[in-house]
Amino acid sequence: MQDRNAEPPATATSPHEEESEERFDRLVRALPLGVMMLDERARVTFANPAAAAIFTFDRQRVLGQHVIEPISSLDLERRVEDALAGEASLGPLILTGKGGNRTYAISVYPLTEGGGLSQDHEAVQGALILAEDQTELVAMERARQEFLSNVSHELRTPLSSAKLMLETVIAAPDDEAREIFLPQVLGQVDRLSALVQKLVEQARAQSGDVPLKLERVDLKSVVLPIVRSFAQQAEAKSVDLTLEDEANPRVDVDRDRIGQVVVNLIDNALRYTDPDGAVTVKLSTDKDEAVVTVADSGIGIPFKDLPHIFERFYVVDRSRAREVSGAGLGLAIVKQIIDAHKGSVSVESRLGRGTKFVCRLPLVAP
Ligand code: ADP
């Protein structure tokens, strides 16, 4: 006889439990983490939408299939076998999907009869797979490492060459040695300080809370001194550097930061333009915008690289340019600064013909 006053049997669920189960179900469905459950023969019993998106399978069709069918990875299969033998595992897994190689952090746990994670080799009834897409994280880490090696290379090269030249001057302190080497030392020191300036600018931008010191300026007063400061460098390379001031737009900008934009663009233009080429800086207006254009007749940028050159640490194939490229920060800084001024920057380029950067900034209303 059943006792009416007794607690309901453990298998029945109270409305309260049902509600919390429903909530749990909704949570698992909404999780950005891929969740899959397998039975003791590695067949799929559950997969949430994130798992279906990550491994690109149909959630309904996958039920009852062996895990290797929707996810063809021997590595994963081996780890599922380990889990079914009571051994949890965690580690990255690289899978090739529609969008190319992607890296997932995948954990596989043994499950016991009650549905809990197995402890101390309790009877294992299945496995739980948790998958998190870490492709972007891995790419960022790679970029960071590349950046560190680029920067150390960029710092070391001019330092050791300046040191060598100074040692030569000290060993033979005659006028000729001085005349030949000291200007070159200065050039290397300039290169170093430009790089340090870029690093400082990047660090400032990353910290995110550096207010612009806006003041009303006419752009020629910002651009002309910079063009002049590059005159010697351009002449040394036999590149014709000119400023065309079709207009002298008035803008509310942070003078130093906009100066940094112009420095980075002219510096690149000179670096990637061969002797006897030309670099033209132009000031103009277009409707309610001030326009600064830096155009060169240099080596150009391959079409496939164009969409990426404003990304941090992105450098186009190093081997193509005789001049070493930098750490891939210059244009990222240009974009950050122009964006902060509510302006825009665009690029046009043809291989072997030249490159043109166009920066637009809001004009001061007349
Ligand atoms: P870096 O500080 O290393 O020069 P940038 O962000 O300024 O990096 O530039 C990114 C890449 O874009 C460089 O590797 C270079 O190859 C390419 N690039 C930039 N400006 C020019 C240009 N005017 N002509 C040709 N290539 C350019």
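Numbering of ligands and ligand atoms starts at 1, following listing order. Values reported hereafter were calculated over all heavy atoms of this structure, with side chains retained and with hydrogens, waters and symmetry mates removed.
- Between the side chain of D296 and the backbone N or O of T355 there is at least one donor-acceptor pair closer than 3.5 Å.
- Each of the atoms 1 (P), 4 (O) of ligand 1 lies under 4.0 Å from some heavy atom of R271.
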Quiz: residues 357-366 side-chain donor-acceptor pairs under 3.5 angstrom, not counting sequence neighbours:
| residue | atom | partner | partner atom | Å |
| --- | --- | --- | --- | --- |
| R360 | NH1 | D286 | OD2 | 3.0 |
| R360 | NH1 | E289 | OE1 | 3.1 |
| R360 | NH2 | D286 | OD2 | 3.4 |

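- Under 4.0 angstrom from ligand 1, the non-hydrogen atoms of V316 come from both its backbone and its side chain.
- The pair K213-D254 fails the salt-bridge criterion, with no side-chain N (NZ, NE, NH1 or NH2) lying under 4.0 Å from an Asp/Glu carboxylate O.
- For ligand 1, the atoms lying closer than 4.0 Å to a non-hydrogen atom of V315 are 3 (O), 14 (O).
- Looking at G328 next to ligand 1, an N or O pair under 3.5 Å apart turns up.
- Near Y314, the atoms of ligand 1 lying under 4.0 angstrom from a non-hydrogen atom of the residue are 10 (C), 11 (C).
- Ligand 1 places these atoms under 4.0 Å from at least one heavy atom of G330: 2 (O), 5 (P), 6 (O), 7 (O), 8 (O).
- Contact detail for T103 and T135: the closest heavy-atom pair is N-OG1, 3.1 Å.
- Between D175 and R178 there is a salt bridge, since at least one side-chain N of the basic residue sits less than 4.0 Å from a carboxylate O of the acidic one.
- Atoms of ligand 1 lying under 4.0 Å from any heavy atom of L329, numbered from 1 in the order shown and given with element: 2 (O), 6 (O), 8 (O).
- Interatomic distance, L159 CG to Q188 CD, rounded to the nearest 0.5 Å: 9.0 Å.
- Remark: among candidates N264, I309, I299, D305, the nearest residue to atom 12 (O) of ligand 1 is I309, based on non-hydrogen atoms.
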